[in-house]
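Take a look at the structure below.
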Amino acid sequence: MMNRREFLLTAAAAQLLASSKIRADAGAAVPQVPPFDPSRLRPSDFADADLDMPYNLTYLPRIANSVETDGPARGFINISVWRGTSQLHPYNARIMESILTLVWFYASPRKWNQFYAIKALRARLELALEYWCNMQSPDGKFSEYGPQQWNLAATAFAVKFISEALRLLKSGPPITPDLHARAVDCCRKALHATLFDPDLISHGKSYSNQYSNIFAGGAAFLALYPDAALSARLKEQVEASPTELQSPCGYMYEHDGPDLGYTLNTHHENLQMAYHYWRGTPLGDILIEEENRFGKWLSYNLLPEPGKPYWVANRSIETRQQHSIFAGADTPLAERAVIMRAFATPPDRRAQQIKEAREKMQKMWPKVDALNVGEFEALSPYRFLQRAHYDWHPTAEQIDEARKMLRPLNEDSFEEQLQDTREPIVFSYLRRPSYYAAFASAPKVITEQQRLGLTLVWSPLNGVLLQSQTKGTETAWGTSPGGPLPAEASGLDAHFSEEKGYPTINYPLPGGGQKTIVFANDRIHVTIQREGEIVERVPVFDPNSVVSPAEYSMRPAPVQITGPRPAACPDPELPCAEVVGPVPDKTLFEVELRATGRLEYEIRPVA
């Protein structure tokens with residue numbers, strides 16, 4: 001007997017089938033896509049830009065052959081290689097973004113692409129494309145989280161991925177003409193919905209990465225199929241984006257706050273695709289201006305770790321994802337948004353990455369890494385989205401020049417405050433001769449995972465010293481009011497002043513008491529006064545930098561995985577000695593201080 005969830009899933013799939021135009025060949029057997037045969041190829045047949053293709057070629061048949069050929073979910077791509085197992089549902093249009101994977105191989109002539117224009121792949125991508133069309137609401141929207149639960153993400157992402165698929169199909173081998181025309185119409189309807197539906201637009205103002213998909217997909221679709229009304233509306237939305245999608249602080253809104261993960265990944269994918277079509281136009285200029293403002297924000301919140309190939313994030317202000325480090329930010333918009341060159345991968349490192357990838361391919365040939373079915377991005381359609389789009393990388397000299405624009409790296413004394421207008425949150429950045437510090441204050445956090453107060457301390461010589469952890473308890477900086485969370489987790493009413501010539505922040509603590517932070521030239525001095533016991537926690541990578549007469553204890557913080565878990569310990573519920581903390585090659589320590597009535601301590605960065 002089916003439970004309620006199984007009944008809803010089956011009913012949703014049945015509704016999709018019932019609403020479809022049954023194709024004449026629906027009862028015919030659908031051939032399997034044959035396995036990839038590398039016997040006539042050599043590793044040298046693959047250009048540097050295609051070093052991932054042996055992996056993609058190996059598993060393309062498995063994805064194509066996972067397209068359902070019978071039953072109510074006929075056409076559904078029933079394999080978890082994109083979005084993770086928990087999202088593999090017949091109503092989820094995000095799963096169907098892998099249509100681009102199928103189309104890319106069907107429509108891309110390459111010496112090594114044995115799947116180009118083959119009938120078996122065509123048959124399966126046609127089933128998938130028809131299923132996708134049948135998922136659409138009458139007014140053009142798609143669902144993600146439940147049957148007919150139409151939302152912005154499913155609709156706008158569909159335009160982006162399907163527009164690139166349509167570009168490939170327009171000049172590639174044919175598919176059934178009426179299906180091709182229907183797919184074009186469905187994409188147009190989704191574009192219209194994203195540009196005009198007030199609920200989707202309103203949601204997009206809070207989740208910029210979702211809405212900027214329409215810049216990418218809209219630019220691509222309208223380049224293929226011009227439409228004056230849609231073009232005019234898209235122009236309006238792009239022109240509104242500097243205030244509707246971007247904070248005056250410079251960050252792109254994600255749940256109405258800052259989130260580097262979504263902005264540096266999805267949003268920047270969107271910008272790259274849109275820039276390919278709008279480069280050198282007024283709309284392209286808007287993207288550049290937006291990127292320059294974001295680059296300034298990034299300069300205050302992403303600091304280089306000396307001698308390491310990554311940057312450390314001012315992370316506990318993030319509203320959605322959780323990232324402690326980033327490899328940097330590579331974007332063709334840096335061609336004109338000069339400050340973004342500072343965060344680019346240096347040419348020698350890019351060359352080394354290519355060299356290592358080629359050596360690995362040659363060593364393993366013809367074998368490839370395992371397909372980890374169930375992982376979020378086991379074989380993502382993003383692998384095929386940007387392959388034909390404009391790209392640009394700065395020289396080493398251009399990177400060095402751009403890094404002179406990063407104030408924390410090039411000035412030894414400044415105070416900068418940025419304030420949002422949508423949420424009452426203030427970000428303070430203080431450069432002293434021996435360190436750089438970030439402090440965030442607001443009456444309340446924007447999302448529950450945020451941790452405010454002193455969020456980051458960094459020094460030019462040793463890199464990150466203090467990093468308050470997103471969603472942290474003992475690993476987030478602050479004063480304990482008696483529960484597991486620091487007082488700063490619920491917000492704080494900060495007051496800024498000068499004390500003996502130094503920038504000073506003070507604020508009341510919940511339940512009584514006062515906290516004062518003085519940013520001296522060579523140290524940060526913290527004083528807490530309140531009745532009874534005081535417990536203060538300081539997450540640092542060098543516990544010796546915390547100096548106090550108070551009762552002092554220290555322990556390594558629980559490890560946090562910053563990448564895939566090692567194969568030796570895949571269970572996320574079990575400890576694993578091989579995983580690393582939030583910053584590779586550094587151990588995060590929880591320093592806990594206790595006193596009664598008054599507690600003082602200093603954080604002393606090494607100059």
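Keep in mind that this is a model prediction, so the values were computed, not measured.
Here Asp139 pairs with Lys141 in a salt bridge; the nearest charged N to carboxylate O distance falls below 4.0 Å. With respect to the salt-bridge test (charged N to carboxylate O, under 4.0 angstrom), the residues Asp52 and Arg383 qualify. Classification of Lys119 and Glu126 as a salt-bridged pair fails, no side-chain N sitting under 4.0 Å from a carboxylate O. Using a cut-off of 4.0 Å between Lys/Arg side-chain N and Asp/Glu carboxylate O, Lys360 and Asp369 are scored as salt-bridged. Using a cut-off of 4.0 Å between Lys/Arg side-chain N and Asp/Glu carboxylate O, Glu164 and Lys160 are scored as not salt-bridged. The residues Glu144 and Arg94 are annotated as salt-bridged, a charged nitrogen and a carboxylate oxygen being separated by less than 4.0 angstrom. Between Asp256 and Lys205 there is no salt bridge, since no side-chain nitrogen of the basic residue lies less than 4.0 Å from a carboxylate oxygen of the acidic one.
Residues Ser208 and Met252 approach most closely at OG-CB, 3.2 Å, considering heavy atoms.
Here Phe384 and Phe105 bring their ring centres to under 6.0 angstrom of each other. Taking the six-membered ring wherever Trp is involved, the centroid distance between the rings of Tyr251 and Trp297 falls below 6.0 Å. Ring to ring, Tyr59 and Tyr55 are close: their centroids are under 6.0 angstrom apart.
The environment of NE2 in His255 is sparse: at most 12 heavy-atom neighbours from other residues, nucleotides or ligands sit within 6.0 Å. Taking a 6.0 Å sphere around CZ of Arg42, one finds it holds 12 or fewer heavy atoms contributed by other residues, nucleotides or ligands.
Both tests pass for Arg233 against the ring of Phe196: distance under 6.0 Å to the centre and angle within 45° of the axis. Remark: Arg320 qualifies as a cation-pi partner of Tyr262 under the 6.0 Å distance and 45° angle criteria applied to the six-membered ring. Figure legend: cation-pi geometry between Arg279 and Tyr390, with NZ or CZ positioned under 6.0 Å from the six-membered ring centre and within 45° of its axis. Annotation: cation-pi pair Arg83/Phe376 absent, no NZ/CZ under 6.0 Å from the ring centroid and within 45° of its normal.
Tested against Phe142, the residues Phe157, Trp132, Phe161 include a single ring-ring contact (aromatic ring centres under 6.0 Å, His included) partner, Trp132.
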Practice item. Give the C-alpha distance, both sets of side-chain angles, the deciding distance and a yes or no for side chain to side chain contact (heavy atoms under 4.5 Å, CB included) between Arg387 and Leu168. Key: CA-CA 11 Å; Arg387 302 190 93 95; Leu168 291 162; over 6 Å; no
